[in-house]
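The structure under discussion appears below in the form of structure tokens.
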Amino acid sequence: MNKKSSQSQSQGQSQNQPQEEQSIGQIKDQSQNKNTNEDTATPETSVKDKDNTSGQSQSQSQSQSQNKSQDTPANQSADSNSTDTPPSRAPSFDELQTGKGQYRPVAKAVGHWLDNINMDALNYLNEQAENIFYRKGVTFTVYSDAKNIERMIPFDIIPRIIAASEWQQIEAGCKQRITALNAFLHDIYHDQAIMKADIVPASYVYASGCYEPWMMGIELDKPIYSHISGIDLIRDESGKFCVLEDNLRTPSGVSYMLESRNISETLLADIFADTPIMGISDYPNRLKACLASSTSKYDPQVVILTPGRFNSAYYEHAFLAHEMNVPLVHGYDLVVEDSKVYMQGIRGKVQVDVIYRRIDDPYIDPLAFRSDSILGVSGLMSAYRAGNVVIVNAPGTGVADDKSLYPFVPDMIKFYLNEEPILPNIETYQCRKPDDLKYVLDNLDKLVVKETQGSGGYGMLIGPTSTKEEIEEYRLRLLENPAGFIAQPTISLSTNPTAVSDGIAPRHIDLRPFILSHGDGTVDIVPGGLTRVAMVEGSLVVNSSQGGGIKDTWVIDDSDLDSQQADKCAPLSSVSVNSTGNALGHANYYNRVQPLETGYESLDDAPMILLLSTASHLIWLGRYSERLYYYDDVMKQLIKGDLKKSQIKHLISHLGFAVDGEASLTTMKAQMMSDLEQNIIPNIVQSIEDNVQEAKGVIGKDTAELYNLIKRLSSAGTYRAATLQLHACNAAMKQENPTVTCFWQLGRHFEQLERAVLLGEDSTEVSFEFRHWINELPENTRWRELIRLTNQMIRSKKFSDFALISKEFNLILRQGV
């Protein structure tokens, strides 16, 4: 499939168990589930991007280099074969400075800081930010890359500033828009009044690939369809905010917003403390309240449904689950019985009331939509229709952010709310209309053309920076399917100073505020949003998948701005971090949160929810950790020459090495070392990484960061250092929730027990250790059968009894897969 067309489904449910590896490829394909609103956006010049991860924001204007020292022509094409030189355009709106080069009142503190900081210090801060992102594992996946490589999202330390007085208009406009869009969604699946009034053509609605007939006539407990939305805004040459596109399916990027703010609070602690910046840190609490408001049930059980760790937004899925203290589930963790949804935990089934799904419509229920989906839950839509579970956002919401319906949103606002739009649309040409198509074909070199179902920056033409050949190829696509495209004029997006390799230069930006629509009809927006920036000069795309980066967005209270405030802000040192920043990093050191079961009067009484599948990953994490220790010890003995030929042959015959057992001692040692260094240990390290990723919903952030360092060390080929790092990881795992620690310890001792049995060593001590952790398993469950089997093995010391334990173990865990 052409990279410009939609990416394939994304799924990731790797068990990381040797016997299941052959299914990983299939899982990975669906796990990348191009969540049309999930993490692959590109704010180019036209309509909306459905990839939540970074909606396509109209980063179309050219990148006029408004460096402090000089200006360069805007909209320059990087290709000498480009078409006629585009007409000159108005200069971009500068977010920090006026046309006279003076800092805007609300931006004086940041402006004075920039005037006094040297580039070495600025670059150091950006390097620190990059290290923080790397340590935390803040990554995204590039689907266009043949290997689906995980990459760090570029971050720029210079914030984007918005005055609170300006934010009021943004907030009002976003609330108005999402209210109308939710009304539209309810209407098209019920009375269809706007279609009968011929304001929105019925053919446009029915032709949308996101229209779901399944949703017709479903009466929701709370008639909200898009609870979590992202509206992509750009600022034109005059400084006016305009809507580039709407993202109502599964918009992402909020984790980047929150992590960017954490970096500002840490690395810019001095200036941050002296500036009246409106807070956003309570977004997870607001989100959880929004999800709970979607049902009338008191204290509902909320879960986040992820397509898996191969999805580009998986970091965000795990991040939000951890911050909201709710379970992160895969489709195989859920089961539908009697039109109710349950998740399969170690203590039994727990009913689910609200599913915040991060999977596209076609994959959520193979019985209702795509029958080949391995991401969703069979029968989920039957439970949804019965009113026994709420799906957030509702299936079918994608109609409202279809690019072909974007031009009608102002009419929706007037029809449903009887109000004039507060935030205007970008002028849009609908190629399905003959007159619009003719204009677009005649002006392809001046317009931005997008697929109505496109996202992530793919399938788009940016006329002013395209070659003649690219334009002619796109012309053929347009003529073949005019209804599949819209076009917009190239707008010179606003710019913000950005630290680049040769200094500070302006780069084009957009903004995605995150809107929460509660069940009672109220709308909540945190003051800020995700600012995406086109890091490359001349780039028209701000999507992370296209090389775009992010900035922190500061909404500053300007109601009583102290004009002298900026003068008090000294430049930050290039080598120090304020103690406040350090304190922030340890604020939750002793406050480990885990997903808890709802319905208990006191949180202290509520048991932790540990899914059977997650328990399996914890066990395998323990097993691979022990395996790494053991094989590292074997390498040390080989290097020191401590192993005799008979011992090496014993290891080869019982543990399996790619070694010729009939060769000389020297040859066997060399072959064994090669197998360990090139195959066995790298595979073990990768398996540790895989299981850590799958267990992110229940292990602490600090523990996850320690494991991330193992990946970093092993990537550099320093496996010995990676093994030493594992000691720190093990110490952290012992401090986790007792239930988490129990299953991890079970894996460690099961590995030791299996190895002792296979090698014919004395297994008495490790058997008693194993039994200790077996006794810690939940009572009154099938787990207790393992106690009897373990006692039987300790008495007999037979391999057959060990095999019975192994079989029972796997049977219990597979109930959740």
Side-chain angles (χ1 to χ4, degrees), residues 14-21 346 610-634 651 654-656 680 683-685 687-688 690-692 694-695 698-699 707 723 726-727 729-730 733-734 736-779 781-817:
S14 158
Q15 298 285 338
N16 305 308
Q17 302 175 18
Q19 61 268 35
E20 298 187 42
E21 288 178 358
I346 60 170
L610 181 63
L611 302 170
L612 279 172
S613 62
T614 308
S616 176
H617 289 300
L618 290 170
I619 287 172
W620 280 99
L621 176 59
R623 293 198 64 173
Y624 282 119
S625 298
E626 282 303 307
R627 204 169 293 182
L628 181 58
Y629 278 142
Y630 180 76
Y631 284 120
D632 178 67
D633 185 63
V634 170
L651 292 175
H654 290 87
L655 298 183
I680 295 176
N683 289 336
I684 291 173
V685 170
S687 295
I688 289 174
D690 293 342
N691 284 287
V692 167
E694 296 290 354
V698 297
I699 62 176
Y707 276 111
T723 305
L726 192 58
H727 287 284
C729 298
N730 286 353
M733 286 298 294
K734 292 177 181 178
E736 292 291 338
N737 182 284
T739 303
V740 171
T741 301
C742 174
F743 280 90
W744 171 73
Q745 290 280 27
L746 277 173
R748 293 183 62 207
H749 291 92
F750 189 86
E751 179 74 13
Q752 295 172 11
L753 181 60
E754 181 183 62
R755 186 168 61 244
V757 171
L758 289 174
L759 295 177
E761 299 172 350
D762 183 11
S763 60
T764 303
E765 183 177 350
V766 69
S767 296
F768 283 111
E769 285 287 337
F770 181 70
R771 185 173 64 178
H772 166 77
W773 291 106
I774 288 290
N775 285 325
E776 296 298 314
L777 289 170
E779 297 181 0
T781 64
R782 187 175 173 182
W783 296 107
R784 310 313 288 177
E785 172 67 9
L786 291 172
I787 296 178
R788 183 185 67 81
L789 293 175
T790 302
N791 288 330
Q792 180 176 311
M793 183 200 66
I794 291 174
R795 289 193 299 269
S796 70
K797 298 183 180 180
K798 293 181 179 179
F799 181 82
S800 57
D801 287 327
F802 170 80
L804 288 176
I805 295 176
S806 180
K807 180 179 179 180
E808 182 69 11
F809 223 144
N810 288 324
L811 284 175
I812 297 173
L813 291 170
R814 285 174 185 169
Q815 292 176 348
V817 179

Applying salt bridge (Lys or Arg N to Asp or Glu O under 4.0 Å), can you list everything that pairs with Glu751, at least two apart in sequence or on another chain? Arg623, Arg627
Between atom [atom1] of [X] and atom [atom2] of [Y], what is the distance when rounded to the nearest 0.5 Å?
{"X": "Gln792", "Y": "Leu786", "atom1": "CD", "atom2": "CG", "value": "12.0 Å"}
{"X": "Arg782", "Y": "Arg784", "atom1": "CZ", "atom2": "CZ", "value": "14.5 Å"}
{"X": "Phe768", "Y": "Ile774", "atom1": "CZ", "atom2": "CD1", "value": "14.0 Å"}
{"X": "Lys807", "Y": "Leu789", "atom1": "NZ", "atom2": "CG", "value": "11.0 Å"}
{"X": "His772", "Y": "Cys742", "atom1": "NE2", "atom2": "SG", "value": "8.0 Å"}
{"X": "Leu610", "Y": "Phe743", "atom1": "CG", "atom2": "CZ", "value": "6.0 Å"}

Looking only at heavy atoms, which two atoms of [X] and [Y] are closest? And how far apart?
{"X": "Ile684", "Y": "Tyr624", "result": "CG2-O, 3.4 Å"}
{"X": "Ala615", "Y": "Ile346", "result": "CB-CG2, 3.8 Å"}
{"X": "Tyr630", "Y": "Leu651", "result": "OH-CD2, 3.2 Å"}
{"X": "Thr790", "Y": "Ile805", "result": "CA-CD1, 3.7 Å"}
{"X": "Glu736", "Y": "Thr741", "result": "O-OG1, 3.4 Å"}
{"X": "Ser767", "Y": "Ile794", "result": "CB-CG1, 3.6 Å"}

Passes side-chain contact (heavy atoms from CB on, under 4.5 Å), Phe750 versus Trp620? Steps please. CA-CA 10 Å; Phe750 189 86; Trp620 280 99; over 6 Å; no
Just to verify, what does His654 make a ring pair (Phe, Tyr, Trp, His ring centres under 6.0 Å) with, not counting sequence neighbours? His650
Partners meeting ring pair (Phe, Tyr, Trp, His ring centres under 6.0 Å) with Tyr707 (sequence neighbours left out): none
Is there side-chain contact between [X] and [Y], with at least one heavy-atom pair below 4.5 Å?
{"X": "Leu759", "Y": "Leu655", "result": "yes"}
{"X": "Trp744", "Y": "Lys734", "result": "yes"}
{"X": "Met733", "Y": "Val740", "result": "yes"}
{"X": "Leu753", "Y": "Glu769", "result": "no"}
{"X": "Trp773", "Y": "Glu776", "result": "yes"}
{"X": "Leu804", "Y": "Met793", "result": "no"}

Parallel, tilted or perpendicular: which describes the rings of Phe770 and Phe809, with under 30° parallel and over 60° perpendicular? tilted
Could you list the residues that satisfy side-chain hydrogen bond (donor to acceptor under 3.5 Å, both in side chains) with Thr739, not counting sequence neighbours? Asn737
I'd like to check the side-chain hydrogen bond (donor to acceptor under 3.5 Å, both in side chains) partners of Asn730; sequence neighbours left out, ordered by chain and number. Tyr629
Name all residues meeting the side chain to side chain contact (heavy atoms under 4.5 Å, CB included) criterion together with Lys798; count only those two or more places apart in sequence or in a different chain, and write none if there are none. Ser796, Ser800, Asp801
Is the shortest distance from a Lys or Arg side-chain nitrogen in Glu761 or Arg755 to a carboxylate oxygen in the other one below 4.0 Å? no
May I ask you to decide if Leu628's main-chain N or O and Asp632's side chain share a donor-acceptor pair within less than 3.5 Å? no
Thr764 and Lys797: side-chain contact (heavy atoms from CB on, under 4.5 Å), yes or no, with the steps? CA-CA 8 Å; Thr764 303; Lys797 298 183 180 180; 3.3 Å; yes
